[in-house]
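Below you'll find the structure, written out as structure tokens, and then a few comments.
All residue numbers refer to positions in the sequence shown, counting from 1.
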Amino acid sequence: YRNRCEPQHRTLRIEIFVCLSEDLLFDDEFSVLMRTGTGMMKSIYICVVMFVLAVSVTACDYNSFDEVDPSDEHAPLPNLQIGTLRERCLSGSVELSDEMVLSGYVTSSDRANNFYRTLMIEDNTGAAEILVGLYDLHNLYPVGAQLVVKCGGLAAELDDGLLRIGLADRLTSYTVTYMESRVVVDQHLFLSGVQVDPNPLKTTIDRLQSERIGRLVRIENLQLDPVADTTWALPVALTGEEEPRSAAIKFREVSGEDSVYVYTSGYASFAGDAVPCVPVSITGILLYGKIDGREVYQLKMRDEQDVQ
């Protein structure tokens, strides 16, 4: 990538030529007039080379990046489908070998801060969460970019039905952990250069199933339940506390009793926006987990454009 820590050199050369007549006078600070024994010279030709400026930029900031190169010539060829890896994790966590390479299209974005240091990718067999551990990932891996994952040194597990891929953590009780270092991330994640516009899977609540957890889905004709004036979450401006509060808002289908929850982080840029009281269509990453002691399906929107 062009935004890695590589020196950049720029050189600027300026030459200024000044022609002075005998009527032009300088003060003592600029003593450039030349006199002879018989008087002032009628003309003076001065060639001034002002400066040559060389700037070398070598600073590194691993959480601040320029525009990413759309492809990486070192990207390996995929040989593993996400759905196949998911099946291998049904009986427990799996450490991945060097020859394993999978790929998927990015479906999440942390631009609105509802996703945090992770990427969601999917292929036509399933979806996975990549525990990258860096900030502003939307600048590096935009929505629709094909991401290639070199799996050597990584591990995978199912957490509430969601396939999670990250570093193999042998030091704690957590099997999968964040990569966090840009050096480590660059050893495992590559852009193929292929870019698509990912279409969410249109579905209904009664058709949600565990195999679709992690996928980008769209459910239409959803109604806030119960209908009330509320916001997606509670940012600091609304809580009056030091920390915001995340929230899970219940929706049901207009034509039925099935329900789904929409989870929003209190840090999301749209957390304080009002939830529509009219029927809407919602796009989001499908998740599964406990709310008030019940196991329920949840949607996690990427930004405010995911509700229409």
Count the heavy atoms of every other residue, nucleotide or ligand shown that sit under 6.0 Å from [atom1] of [X], and state whether that count exceeds 12.
X    : atom1 : value
D206 : CG    : yes
K300 : NZ    : yes
E295 : CD    : yes

Is any side-chain heavy atom of [Y] closer than 4.5 Å to one of [X]?
X    : Y    : result
L189 : V149 : yes
I282 : I219 : no
L77  : V101 : no
L224 : F251 : yes
T118 : I130 : no
C151 : L102 : yes
I165 : L85  : yes
L162 : Y288 : no

Cluster overlap [X] with [Y], hydrophobic side-chain contacts below 4.5 Å:
X    : Y    : value
L222 : Y261 : no
F115 : L119 : no
L154 : V184 : yes
L208 : V280 : yes
L158 : I121 : yes

Kindly compute the distance separating [atom1] ([X]) from [atom2] ([Y]), expressed to the nearest 0.5 Å.
X    : Y    : atom1 : atom2 : value
Y178 : L167 : OH    : CG    : 12.0 Å
T231 : I249 : OG1   : CD1   : 7.0 Å
E211 : L286 : CD    : CG    : 11.0 Å
E122 : I285 : CD    : CD1   : 6.5 Å
M179 : D186 : CE    : CG    : 10.5 Å
D303 : H138 : CG    : NE2   : 11.0 Å

Restricting to non-hydrogen atoms, name the atom on [X] and the atom on [Y] that form the minimum distance, rounded to 0.1 Å.
X    : Y    : value
I205 : S259 : CG2-O, 3.5 Å
G152 : D98  : CA-OD1, 3.2 Å
S269 : E304 : OG-OE1, 4.4 Å
C89  : E157 : SG-N, 4.1 Å
L299 : G284 : CD2-O, 4.3 Å
D160 : G289 : OD2-CA, 4.3 Å

task = List the steps and the verdict of side-chain contact (heavy atoms from CB on, under 4.5 Å) for Y141 and L134.
result = CA-CA 11 Å; Y141 311 106; L134 300 179; 5.8 Å; no
Backbone of [Y] reached by a side-chain donor or acceptor of [X] within 3.5 Å:
X    : Y    : value
Q195 : V143 : yes
Q146 : S103 : no
D110 : L137 : yes
R86  : A128 : no
S246 : G266 : yes
N79  : E99  : yes
T107 : M120 : yes
E253 : T204 : no
R117 : G133 : yes
N114 : M301 : yes

remark   = In short, salt bridge (Lys or Arg N to Asp or Glu O under 4.0 Å) pairs touching residues 226-249 with sequence neighbours left out are E241-R245
inquiry  = Assess, by modelled atom type and distance only, whether the side chains of R218 and T283 contain a donor and an acceptor separated by less than 3.5 Å.
reply    =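 Side chains of R218 and T283: pair found under 3.5 Å.
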request  = Give the intermediate values and the outcome of side-chain contact (heavy atoms from CB on, under 4.5 Å) for residues L96 and L80.
outcome  = CA-CA 11 Å; L96 308 180; L80 178 65; 5.7 Å; no
task = Report the C-alpha distance between R212 and Y297 in whole Å, list the side-chain angles of each, state the deciding distance to 0.1 Å, and finish with yes or no for side-chain contact (heavy atoms from CB on, under 4.5 Å).
result = CA-CA 11 Å; R212 292 177 174 175; Y297 284 106; over 6 Å; no
request  = Sequence neighbours left out, what passes side chain to side chain donor-acceptor pair (under 3.5 Å) with D123? Give chain and number order.
outcome  = T125
inquiry  = Is the ring pair F270/W232 parallel, tilted or perpendicular, if the boundaries are 30 and 60 degrees?
reply    = perpendicular
query = N124 and Q81: side-chain contact (heavy atoms from CB on, under 4.5 Å), yes or no, with the steps?
reply = CA-CA 8 Å; N124 58 4; Q81 292 182 318; 4.1 Å; yes
